[in-house]
Amino acid sequence: MGRKSEAALDETMDTTVNGEAEPVTDKDAYEEQCALANEIASPMANRKLAKKVYKLIKKASGVKTAVRFGIADVSKGLRKNEKGIVVLAGNVTPIDIYSHIPAFCEEKGVPYVYTPSRESLGLAAGFRRSIIILLIRPNAEYQELYDELFETCNLLVPNTKEN
């Protein structure tokens, strides 16, 4: 995996609001992040949906057993037929790391959505470190927002490129 320059990392990570780090969702920065996404990042969340996803991640990360982070943990949860919403980062390279996850989610009937930046996923979860994939499980503390996003993500259709 390639390393980012410190300036590029600081640029994406310096998003403090009231002393807390927040994911970037302003229009220009979001479009720049979407342009850096890989080929398989579909369905990509639009800016409004990404804002709701980040809000749900922030609420869910406050509940101890509500979120699974990382490929191994998410795969384990999917194998155990856990229900939830899978959120993947769009700027992961090499894509072979997680290219099997969308098919696995479709097989298990779990909705999934891509966001453009793994750094933003980490910030939304309250970490300074980037996260490439997470599984948000339902919980009573944020059930209304979870249900809304579950329905929205179920309606999203991945773009397929035909040769």
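Note that this is a predicted model, so its numbers are computed, not measured.
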Of all residues at least two apart in sequence or in a different chain, which pass the side chain to side chain donor-acceptor pair (under 3.5 Å) check with D26?
none
Qualifying salt bridge (charged side-chain N to carboxylate O under 4.0 Å, His left out) pairs with a residue from residues 74-92, counting only residues at least two apart or across chains
R68-E82, E82-R137
Side-chain heavy atoms of L121 within contact of I132, under 4.5 Å:
no
Side chain to side chain, V113 and L88, heavy atoms closer than 4.5 Å:
no
Taken to the nearest 0.5 Å, the spacing of I131 CD1 from R118 CZ works out to 11.5 Å
Would you check if Y114 and P102 make a side-chain contact, meaning some heavy-atom pair closer than 4.5 Å?
yes
Assess the residue pair I85 and L149 against the criterion (side chain to side chain contact (heavy atoms under 4.5 Å, CB included)); give the C-alpha distance rounded to whole Å, side-chain angles, the decisive distance to 0.1 Å, and a yes or no.
CA-CA 8 Å; I85 302 170; L149 283 175; 3.9 Å; yes
Does M44 offer a backbone N or O that forms a donor-acceptor pair with the side chain of S42 under 3.5 Å?
no
Just by modelled atom types, is the K58 backbone N or O under 3.5 Å from a matching donor or acceptor in the S61 side chain?
yes
Check side chain to side chain contact (heavy atoms under 4.5 Å, CB included) between D28 and all other residues, then give those that pass, not counting sequence neighbours.
none
Would you please name every residue forming a ring pair (Phe, Tyr, Trp, His ring centres under 6.0 Å) with F150, sequence neighbours left out?
Y146
Run through L78, V74, I101 and flag the one making a side chain to side chain contact (heavy atoms under 4.5 Å, CB included) with V110.
L78
Step by step, work out the side chain to side chain contact (heavy atoms under 4.5 Å, CB included) result for L134 and V86.
CA-CA 6 Å; L134 52 89; V86 174; over 6 Å; no
Residues 47-56, side-chain donor-acceptor partners within the protein, below 3.5 Å, at least two apart:
{"unit_1": "R47", "atom_1": "NH1", "unit_2": "T25", "atom_2": "O", "d": "3.0"}
{"unit_1": "K52", "atom_1": "NZ", "unit_2": "E148", "atom_2": "OE2", "d": "2.5"}

Distance in Å, R128 CZ paired with E119 CD, rounded so as to fall on 0.5 Å steps
12.5 Å
For V63, does its backbone N or O pair with a side-chain atom of N139 as donor and acceptor, under 3.5 Å?
no
Residue pair E39, I95: steps toward the side chain to side chain contact (heavy atoms under 4.5 Å, CB included) verdict:
CA-CA 9 Å; E39 303 84 40; I95 59 176; 3.8 Å; yes
Ignoring hydrogens and geometry, is there a side-chain-to-backbone donor-acceptor pair from N38 to G90 under 3.5 Å?
yes
Not counting sequence neighbours, list each pair that qualifies as a ring pair (Phe, Tyr, Trp, His ring centres under 6.0 Å) and has a residue in residues 60-104.
F69-F127
